[in-house]
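Protein chains get the first letters and strands the later ones, always in sequence-line order, with residue 1 at the start of each. All heavy atoms count here, side chains included; hydrogens, waters and symmetry mates do not.
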2 protein chains.
Amino acid sequence: MASRAKATILDIAREAGVSKSTVSLVLQGSGLIRPETATKVRKAIEDVGYVYNRGAANLRKAHSNVIGMVINDLTNPFFAELAVGMERVFQAAGVVPFIANTAENPVRQEEVLKSLMEQGVAGLIVSPARGTTPGAFRRIEAAGVPIVFTMRRLPESRIPVIAPDNHRGAFIATEHLIRKGHCRLAFFGGSSDLVVYHERLGGFLEACETLGIPASDRLIVEGETGRKGGMACLETALAAAQPPTAALCFNDAVAFGAMLALRKRGLEAGADFAVVGFDDVAEAEHYSPALTSVAVDTAGLGERAAHVMLRMIQSRTTRAEDHIGAVSLVVRESSGPDRNSQVGDAA
Amino acid sequence: MASRAKATILDIAREAGVSKSTVSLVLQGSGLIRPETATKVRKAIEDVGYVYNRGAANLRKAHSNVIGMVINDLTNPFFAELAVGMERVFQAAGVVPFIANTAENPVRQEEVLKSLMEQGVAGLIVSPARGTTPGAFRRIEAAGVPIVFTMRRLPESRIPVIAPDNHRGAFIATEHLIRKGHCRLAFFGGSSDLVVYHERLGGFLEACETLGIPASDRLIVEGETGRKGGMACLETALAAAQPPTAALCFNDAVAFGAMLALRKRGLEAGADFAVVGFDDVAEAEHYSPALTSVAVDTAGLGERAAHVMLRMIQSRTTRAEDHIGAVSLVVRESSGPDRNSQVGDAA
DNA sequence: CGCTATAAATGGAACGTTCCAATAAATCAA
DNA sequence: TTGATTTATTGGAACGTTCCATTTATAGCG
């Protein structure tokens, strides 16, 4: 059944009674070939079960048609959505995105990048793993392969970044909580080795500053960025002498964790303690109580990143502008007013 | 900054004052070269910022080191977990898995497979998109590239499958519901174009048969396999003349949807209507109420699939045995006893 | 009819590796 | 010393494409 050796362009040429050059031309859809000849060749291709060898072609051609997407945590639905957005535009451009997962591991990331480079990718879209060293992309940059960062940026790097407006998102979310009457606020989860953390925390702090929440009434609890981290943060917060009545969480996963911990204590998010998330993953809407969260248009960011990448490839540059995506607050049930303040309002 | 043309093995040879063959040997870690020479070469490699061209190498070598993972829905956390399991074992074997998403679209799947083949993958692990035609993999099989299906199988195909024991999973879940006193049961979601559907539904029906639930007390509601589908199924079911009191759902997403619809009607899963899911995704445990579900050891199945793939590549065969993974029922809050029957029991 | 202009098809030299066969250098036995 | 053996290194021919420069066939025109 399986033909002995893989069929090549020469086998097709023989089969169709033409030269290899003609076959090559047909393969590329050149208009220089007489339609009948093209048909004949295409038939031969079908007959011998030929599969195009892109590796060989790339040896001559300048650029390949694959771009690599390097993602730090595929199990986070957030990144899956991002990937889906990118795929949409790449597909339309005839580019094939290969996704690789680094599982938040810089060593693994190094391997993955190396592999992708060896494969001759035309570009790289990456959400860098936590703990990536500043020099990790130097070689790739030197090789002239365009890179775009998504969602995360590296401390000192001139690689373009496509990310949501983290600062503003945190600001409006915090503002919302304060307007609801909360005056002892917490920021849950994340840690300072992530640039995103500083952006979001910065927005939180600026809102506090602007709207008159003194430093003594702010509680910052670092922690893991998953559910577990959120649970731990809540425990820590409630153990404080003057516990906060509301928290902005680093992301939705942390928020879910905090809500879970609340329920374990017999408390209800929204009624007893306000929780706001960040990212607005699909799940947020369906949670109970539904989670108030900062929406970042994930798929849109993915599309944007893909577009930027395509433009860089086309203009053979390694430079591009950052793109900061608009954010909006989606208010749901988890961010109720502060109980005491509510009473105060009513009085 | 970026070197003009890409450095090749010849540039290194010149730089190090040796021949290209020597460089090639060093690159492959051959023991035939004098350590000092190797060091010299490695330094040159570093100096010129060389990146290995695997495409060129594959032109001569028999096999590449990349295998493709073709997944039908990356946004389903279930598949992300599966991917993670596979990656673990591939990484250890020095094989690089590239993931591609088909978004449940057979046309997209076709393109993705073509691309992967052109890239010269050593093997393919695929969870076929719904509606895949039986002949979709014929060409790939003919080319002698090993394929393994995961989670889903195609109607008439001899390609090995790695999947959970769907029939048994559905059986024990149904048995559980019947033991809880339910005697009007429903099966929610999925449709008959999926082989998995028949397997799960089959288990459900066999349990009903065995444990004395007559056909008149079974309700089968086909539907989409996401939350939306689950909501619709529940509505349909409750509109029946003799509505069921419990449902086994095609998967957890459907179950979540059903629970959501229950809540919208002011009913509570577990207390008012029993819901059991399938797959036991991470979320099931954290839902409220926590979802009873059939656990399938997702990551384990991924690892198994990867192992089978590696063995096929090594022994250059395209044949392998199916592997049916053990399942177990994880009982949580969503599957309470039937109210009436509970009263009966107490009396 | 011969000549040019156009269209269609072709041969051959790359592209960056691997690997075999061959060479060169060093070591050893007698 | 000479030849045999081992150890390191090397040239060159593939591998399957693309694409430039040619060649060959077809048509157009006076």
### Task
Write down the distance between CG (A:L32) and P (D:dT23), rounded to a whole number of angstrom.
18 Å
### Query
Considering residues at least two apart in sequence or located in another chain, which fulfil the side chain to side chain contact (heavy atoms under 4.5 Å, CB included) criterion with A:Q314?
none
#### Entry: For DNA chain D, the residues among residues 14-31 of chain A that have a non-hydrogen atom under 4.0 Å from it
A:K20, A:S21, A:S24, A:Q28
### Message
Among residues at least two apart in sequence or on other chains, which ones pass side chain to side chain contact (heavy atoms under 4.5 Å, CB included) with A:T133?
### Response
A:A136
### Task
With the side chain of A:A56 defined as its heavy atoms from C-beta on, choose the nearest nucleotide among D:dT9, D:dC15, D:dT17.
D:dT17
### Query
Side-chain N or O of B:T8 less than 4.0 angstrom from OP1 or OP2 on C:dC15?
no
### Task
With sequence neighbours excluded, tell me which residues meet ring pair (Phe, Tyr, Trp, His ring centres under 6.0 Å) with A:F149.
A:F137
Check nucleotides 22-28 of chain C against the protein and report each pair of N or O atoms closer than 3.5 Å, with its distance, or say if there are none.
none

### Message
Is there a side-chain contact between B:R34 and the phosphate of D:dT9, meaning an N or O under 4.0 Å from OP1 or OP2?
### Response
yes
#### Entry: Atom-to-atom span, CG of B:L10 to P of C:dA14 - whole angstrom
13 Å
### Task
Establish whether the base of D:dT18 is bridged to the side chain of A:R60 by a donor-acceptor pair shorter than 3.5 Å.
yes
### Query
Over its full length, what angle do the end axes of the helix from C:dC1-D:dG30 to C:dA30-D:dT1 make, each axis taken from five pairs and the result rounded to 10 degrees?
50°
